[in-house]
Amino acid sequence: MTGVTTTYRPVPLVFERLPEPEMIARARAYADAMARRRTVRDFSPDPVPLELLDHAIRAAASAPSGAHQQPWTFVVVSDPERKRRIREAAEEEERVSYAGRMSDEWLAALAPLGTDWHKPHLTDAPHLIVVFAQPTGVAAAPDGTTRKVKHYYVDESVGIAVGMLLSCLHLAGLATLTHTPSPMGFLREVCERPAHERPYVVIPVGYPRADAQVPDLQRKPLDEVRVRL
Ligand code: IYR
């Protein structure tokens, strides 16, 4: 006796089959546009409408997830004081990391990116999207009682959602930075999230500064990343 009740109730799939040339044109246009995405560290304080971020979060929250449990929360931080607190705590952690917690091998791997413990983007960008993962959730029974439930494939699910978020923001004409302060437990308190949520990534969002610079990086060519069998 498993105690599991079956609730599978399928509905017809809504799907439009396109002509092949149109499919290829769409795929090429998307890949070409994504190839122009860069991780940006020099942000302008110019305002960005919250409505745009809502659409990007809708796109992210459409991601596939383990058992369709949607184990994510996207916190939009626009308040300067809260951004300042996040910057202060992140820089404190990063200062310690760069001064000794990170191995020489790690520091050498980061050298071409020009990063250090200074994180001005955390206050320069008009918004930070702080993404939280939910390793567990709260399920409500029909009788109104709640219980803690385990979520499955949480990192995979949230990673896919963040990829879709970055993609949408880029296609909408904005710059982002994928920032993982380490450790980042402080984000739970600053963002007022409950104990069962785990900070996953901080994404400053905005326009690049007019004089923004990026490292001179090349992406691996297709032949190096794609294998055909
Ligand atoms: N979290 C640090 C270090 C860092 C680590 C990796 I891996 C990067 O690709 C970039 C930075 C920081 O934010 O500086």
Side-chain angles (χ1 to χ4, degrees), residues 34-45 48 53 56 60 72-80 82-133 135 154-170 174-191 193 197-209 211-221 224-225:
M34 291 312 293
R36 291 189 288 273
R37 186 200 58 79
R38 293 301 310 257
T39 290
V40 168
R41 292 186 166 76
D42 303 330
F43 282 87
S44 147
V48 167
L53 269 58
W72 42 58
T73 307
F74 302 87
V75 179
V76 179
V77 181
S78 317
D79 169 46
R82 232 180 264 258
K83 287 192 293 177
R84 190 196 61 72
R85 283 170 61 195
I86 291 175
R87 176 176 174 182
E88 196 173 87
E91 287 188 331
E92 191 50 47
E93 294 292 2
E94 296 291 356
R95 208 192 310 259
V96 180
S97 291
Y98 278 89
R101 272 200 299 235
M102 291 154 77
S103 65
D104 287 346
E105 187 179 1
W106 192 352
L107 291 172
L110 288 181
L113 304 184
T115 61
D116 62 24
W117 63 266
H118 296 92
K119 302 298 171 193
H121 40 261
L122 291 173
T123 47
D124 290 347
H127 309 288
L128 310 177
I129 302 179
V130 187
V131 183
F132 287 81
V154 171
D155 282 308
E156 292 83 348
S157 304
V158 181
I160 295 167
V162 168
M164 293 168 68
L165 181 72
L166 298 177
S167 169
C168 185
L169 291 166
H170 169 67
L174 291 171
T176 57
L177 167 60
T178 315
H179 177 47
T180 51
S182 174
M184 53 179 153
F186 67 88
L187 289 166
R188 189 182 292 121
E189 191 194 327
V190 185
C191 295
R193 298 312 303 163
E197 296 195 2
R198 171 169 60 81
Y200 186 87
V201 70
V202 183
I203 305 173
V205 182
Y207 296 98
R209 248 186 11 229
D211 63 349
Q213 293 188 309
V214 291
D216 183 17
L217 305 177
Q218 306 302 321
R219 292 195 166 98
K220 290 181 181 176
E224 222 175 287
V225 300

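Worth knowing before you read on, the calculation uses all heavy atoms, side chains too, and leaves out hydrogens, waters and symmetry mates. Each ligand, and each atom within it, is numbered from 1 in the order the structure gives.
- When side chains are defined from C-beta on, Tyr98 counts as touching Thr115, because their heavy atoms get closer than 4.5 Å.
- Between Trp117 and ligand 1 there is no heavy-atom distance shorter than 4.0 Å.
- To the nearest 0.5 Å, the span separating CG on Leu128 from CZ on Arg87 amounts to 11.5 Å.
- Contact check for Leu165 versus Ser167: no side-chain heavy atoms found under the 4.5 Å cut-off.
- Residues Arg37 and Thr39 have side chains that bring a donor and an acceptor to within less than 3.5 angstrom of each other.
- The heavy atom nearest to atom 14 (O) of ligand 1, out of those in His118, Lys119, Glu94, is found in Lys119.
- Here's the thing with Ser182: none of its N/O atoms is less than 3.5 angstrom from an N/O atom of ligand 1.
- Counting atoms of ligand 1 from 1 in the listed order, those under 4.0 Å from a heavy atom of Trp106 are 5 (C), 7 (I).
- Of all atoms in ligand 1, listed by their number and element, those nearer than 4.0 Å to a heavy atom of His179 are 13 (O).
- Between Asp155 and Arg198 there is a salt bridge, since at least one side-chain N of the basic residue sits less than 4.0 Å from a carboxylate O of the acidic one.
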field: side-chain contact (heavy atoms from CB on, under 4.5 Å) assessment of Leu187 paired with Met184
entry: CA-CA 6 Å; Leu187 289 166; Met184 53 179 153; 3.7 Å; yes

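- From the protein, the heavy atom lying nearest to atom 3 (C) of ligand 1 is Tyr98 OH, 3.4 Å.
- The option with the heavy atom closest to atom 10 (C) of ligand 1, from among Leu110, Val202, Leu177, is Leu110.
- Under a 4.0 Å criterion applied to the non-hydrogen atoms of Thr180, ligand 1 contributes the atoms 1 (N).
- Between Thr115 and ligand 1, no pair of N/O atoms sits closer than 3.5 Å.
- When side chains are defined from C-beta on, Leu177 does not count as touching Ile203, because their heavy atoms never get closer than 4.5 Å.
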